[in-house]
Number of protein chains: 2
Amino acid sequence: MELLQILECSPPLAREPLDAEQAAGVARVFKALGDPVRLRILSIVASREGGEVCVCDITGAFELSQPTISHHLKVLKEVGLLTSERRASWVYYRLVPETLGELSAILGAPAAV
Amino acid sequence: MELLQILECSPPLAREPLDAEQAAGVARVFKALGDPVRLRILSIVASREGGEVCVCDITGAFELSQPTISHHLKVLKEVGLLTSERRASWVYYRLVPETLGELSAILGAPAAV
DNA sequence: TCCCCACATCGATGAGCGTCGAAGTCAGCT
DNA sequence: AGCTGACTTCGACGCTCATCGATGTGGGGA
């Protein structure tokens, strides 16, 4: 059930065809990346010094309602690209670099061990 | 196509936030990858010895109608992941490795300069 | 020339998704 | 306890998309 496990078991595209289960899992993550707002959110979190971003910082970067941003954050979290932690009144989001790395490897990165 | 240019100009996610135009372009390609059938098609083409796959070979690998496969091939072609060439009665599809490489770099590949 | 085959396009349909306002939750402050 | 601020969840609406059957196209072969 865990998505990251499926990513770890999926070979690079150029090595051998994906089976249906692998394709379904990998596609879920790519689908999450297939939205401009989510991509920008992810890049904001990923490029942040310290690695943490408060939701209010993200909301301020878009001309979208706060529930919409929250929805996108939820999608990114569900596929294992982000994690969240509540401290006091604020919720901080943080990148999961392993997931990003697995995706890169599936696309055919030169296997950075 | 100008899509590949956008990919080339887009920094790795972890380096700096994407602007709206970059995010829109990159998202188009990821959205194309966000479907299990298209991912499997891409892996079939990418892992093929010789690099060429006839449409009939792809259609045979799925329990989907031929128009549906043709639709997915068109999507992959429009975002610059595949090219096609007609020879005699058959149409052969081929991977565009540059596009895949740019995506991998945006996800944070170890900067293959 | 006529037919057949490989593939693309068209039009329709049902499911999914992005977006919003409204309402709910949760924590700190007075 | 009550209030306020930061997010999340809910319900709804409009649009996009995956899929299909039917139809169009283009190239060989008989």
Side-chain angles (χ1 to χ4, degrees), chain A residues 3 18 20-21 23-45 48 52-79 81-94, chain B residues 3 18 20-21 23-45 48 52-79 81-94:
Chain A
L3 255 182
L18 298 170
E21 186 185 356
V26 178
R28 280 188 56 195
V29 188
F30 278 132
K31 184 181 289 185
L33 293 176
D35 180 276
V37 175
R38 285 196 291 266
L39 264 182
R40 292 180 66 188
I41 291 176
L42 201 68
S43 69
I44 288 173
V45 177
R48 185 74 150 214
E52 280 188 340
V53 182
C54 172
V55 176
C56 55
D57 292 334
I58 301 174
T59 305
F62 298 89
E63 295 189 353
L64 291 171
S65 72
Q66 190 272 327
T68 298
I69 299 297
S70 189
H71 161 70
H72 286 307
L73 286 169
K74 184 180 182 182
V75 172
L76 290 170
K77 189 177 169 182
E78 282 175 344
V79 300
L81 284 165
L82 294 180
T83 56
S84 68
E85 180 191 357
R86 174 160 212 145
R87 288 204 303 274
S89 287
W90 295 271
V91 177
Y92 296 90
Y93 279 81
R94 184 182 291 269
Chain B
L3 247 184
L18 298 171
E21 184 185 358
V26 177
R28 279 187 57 195
V29 187
F30 278 132
K31 183 182 290 185
L33 292 176
D35 180 277
V37 175
R38 285 198 288 268
L39 264 183
R40 292 180 66 190
I41 291 176
L42 201 68
S43 68
I44 289 173
V45 176
R48 185 74 150 212
E52 280 188 341
V53 182
C54 171
V55 175
C56 55
D57 292 332
I58 301 174
T59 305
F62 298 90
E63 296 188 352
L64 291 171
S65 70
Q66 182 270 326
T68 298
I69 299 297
S70 188
H71 161 71
H72 286 307
L73 287 169
K74 184 180 181 180
V75 172
L76 290 171
K77 190 177 169 182
E78 282 174 345
V79 299
L81 285 166
L82 294 180
T83 56
S84 68
E85 180 191 356
R86 175 162 210 145
R87 287 203 304 274
S89 288
W90 295 271
V91 176
Y92 296 90
Y93 279 81
R94 184 181 292 269

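Chain A is the first sequence line, chain B the second, and so forth, proteins listed ahead of strands; every chain is numbered from 1.
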Smallest heavy-atom separation, P36(B) atom then A23(A) atom, equals O-CB, 3.6 Å
So CG of L76(A) and CG of L33(A): to nearest 0.5 Å the spacing works out to 7.0 Å
Sequence neighbours excluded, the answer for side chain to side chain contact (heavy atoms under 4.5 Å, CB included) partners of S70(A) is Q66(A)
Those residues at least two apart in sequence (or on a different chain) that pass side-chain hydrogen bond (donor to acceptor under 3.5 Å, both in side chains) with S84(B) are K77(B)
Whole-Å distance, K31(B) NZ to dC15(D) C1', equals 11 Å
Within residues 81-94 of chain B, the residues having a heavy atom closer than 4.0 Å to DNA chain C are S89(B), W90(B), V91(B), Y93(B)
Heavy-atom closest pair (R28(A) atom, L3(A) atom, distance to 0.1 Å) is CZ-CD1, 3.7 Å
With sequence neighbours left out, the residues meeting salt bridge (charged side-chain N to carboxylate O under 4.0 Å, His left out) with E21(A) are none
Separation of dT19(D) atom P from I69(B) atom CD1, nearest Å, is 8 Å
Sorted by number, residues from residues 70-78 of chain A placing a heavy atom under 4.0 Å from DNA chain D are S70(A), K74(A)
By salt bridge (charged side-chain N to carboxylate O under 4.0 Å, His left out), R94(B) pairs with (sequence neighbours left out) E52(B)
Residues passing the side-chain hydrogen bond (donor to acceptor under 3.5 Å, both in side chains) test with S65(B), sequence neighbours excluded, are T68(B)
Check residues 57-64 of chain B and write down every donor-acceptor pair under 3.5 Å in which the side-chain atom is one partner and the other belongs to a residue at least two apart or another chain.
residue	atom	partner	partner atom	Å
D57(B)	OD2	R48(B)	NH2	3.2
T59(B)	OG1	V55(B)	O	3.0

Could you walk me through whether F30(B) and L39(A) pass side chain to side chain contact (heavy atoms under 4.5 Å, CB included), step by step? CA-CA 10 Å; F30(B) 278 132; L39(A) 264 182; 4.1 Å; yes
In this structure, CD1 of I69(B) is separated from CZ of R38(B) (nearest 0.5 Å) by 11.0 Å
Heavy-atom closest pair (A32(B) atom, V75(B) atom, distance to 0.1 Å) is CB-CG1, 4.0 Å
Rounded to whole Å, CG of D35(B) lies from C1' of dT16(D) at a distance of 13 Å
CG (L81(B)) and CD1 (I41(B)) are apart, to the nearest 0.5 Å, by 11.5 Å
Ordered by number, residues from residues 59-68 of chain A within less than 4.0 Å of DNA chain D (heavy atoms) are Q66(A), P67(A)
At a 4.0 Å cut-off to heavy atoms of chain A, the contacted part of DNA chain C spans dC17(C) to dG28(C)
The salt bridge (charged side-chain N to carboxylate O under 4.0 Å, His left out) partners of E85(B) (sequence neighbours excluded) come to R87(B)
In short, the helix from dT1(C)-dA30(D) to dT30(C)-dA1(D) is bent end to end, axes from five pairs each side, to 10°, by 10°
